[in-house]
Amino acid sequence: MNNFRLLPLFVAVSAALALPVGAQSLVDLYESARVFDASYQSAKSQYDATMARADQAKAAVLPTAGLTLGVSRTNQEVIPETGASSDRTYGTQSASVSASQPLYRPGNLASYRQGLKQADIAQAQLAAADQDLIVRVSQAYFDVLAAQDSLTFIKAQNVAVGEQLASAKRNFEVGTSTITDTREAQARFDLVTAQEIAAANDLRIKKIALDQLVGKSDTQPQSLALPLVLPALVPNDVNTWVQQSESSPSIKQSQIALEVAQLETKKAEAGHKPTLDLTASYGMNRYPDGNPSSSLPSSYRANAGSVGLAFNLPLFAGFSTQNRIRETLALEEKARNDLESAKRAVAQGTRTAYYCVASGQGQVKALEAAEASSQSALDANKLGYQVGVRINIDVLNSQSQLFQTKRDLAKARYDVLMCGLKLRQASGTLEANDLQSVNALLVK
């Protein structure tokens, strides 16, 4: 009985010894993943490209200018109807500068505004990628811790079952128990040994996944500090969390996409509207050898400058503008429905994550009580077996129940912390600073 009273201490000591000196915190591994993770780096590159594309839209409302240079050589042969023919060769050098400034172009203005909206979408997409990275790193982190706990508990159970097997063999040798007790203990010992092999392999796989995510080899996450007090759910109202979800990156993207679609309709409608541009040009033509077609001196230069307005009014384009407007209106309605769908999905995800946290906290409390009860039941069955009122299988079942409860309790704690992060992700409020509160729960 004394050996089983020391099992919680044995598990705690085993966990402490398994914790390496160079263990990394959740924040440390998240920072590593920000630099290494290919999905997040891809999102950053997409963000940079979208921002550059947004800057390109400014060209639609800014002036344009161009420089043109030309050099040519002309060989002219004059063949009169009577008399001898004559040849003349002369050169031409030209240079001109032209500029244009849109004064009234509704389509260009809509394109410029779309570029600004695309920049907002890029920021929302990068924020969503960052939140996704936080959740993926946290999930991989807690998966490793859960696998470590499971292996530790199974090893402790293996020790306890081994002691029970040895006790059953001694009792059988002295004639105080039957061979059935020994065989039951042996079967349970073999089963737990198989479970230990599976748990060790599961831990190995979980660590490989975490290593690949953060770009480090042989990562060692810090364990939760026990006894653990889980953070309270604030605010403790699901409707408040749903209201906060209006800031979710997915809703922002859908809202801005609707605004972009509305501007696309304005661009289509601009196909019926006139345009007005301010134009200016200055050019020079130089004839170093003269020009046979001109009465000017043999060598001269002609300069010309102009400033004007260019007005264009579309009259008929084969109904393409009308059909384009019909298309953009349909796409605008699609974007409006996509926004409503995003709002509903975010609200549902927020409610699901909220109840995951709320129920998980209740489950943790229940499992903590179950752990204490299972320990008491094991002690009672062990004492009963020693005095002959309980059989070996009762002790083995109590052992199995105790360690299963310990595994369930450890996993429930990780699930509550993960649900808390997913709740903030669903509501659009998840930030890297939120990992500090989780970090505070780890062994320093």
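With Q24 contributing its side chain and Q220 its backbone, the two residues share a donor-acceptor pair below 3.5 Å. Listed for the N323 side chain is a donor-acceptor partner under 3.5 Å among the backbone atoms of F319.
A salt bridge does not link K44 to D48: none of the charged side-chain nitrogens sits closer than 4.0 Å to a carboxylate oxygen. A salt bridge links E264 to K267: at least one charged side-chain nitrogen sits closer than 4.0 Å to a carboxylate oxygen. The pair E368-K365 does not meet the salt-bridge criterion, since no charged nitrogen lies less than 4.0 angstrom from a carboxylate oxygen. With respect to E269 and K273, no salt bridge is recorded, no charged nitrogen being found less than 4.0 Å from a carboxylate O. A salt bridge between D149 and R407 is absent, with no side-chain N of the basic residue lying under 4.0 Å from a carboxylate O of the acidic one. The residues D37 and R136 are annotated as salt-bridged, a charged nitrogen and a carboxylate oxygen being separated by less than 4.0 angstrom.
What you find for V364 and L230 is that their closest heavy atoms are CG2-CD1, 3.9 Å.
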Checklist entry - Hey, mind stepping through D338 and S341 against side-chain hydrogen bond (donor to acceptor under 3.5 Å, both in side chains) and telling me if it holds? => result CA-CA 5 Å; D338 290 342; S341 176; over 6 Å; no

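The neighbour count for F316 CZ, taken as heavy atoms of other residues, nucleotides or ligands under 6.0 Å away, is above 12.
With hydrogens and angles left out, the side-chain atoms of Y40 and R34 include a donor and acceptor closer than 3.5 Å. Counted by atom type alone, Q56 and R53 present zero donor-acceptor pairs between their side chains at under 3.5 Å.
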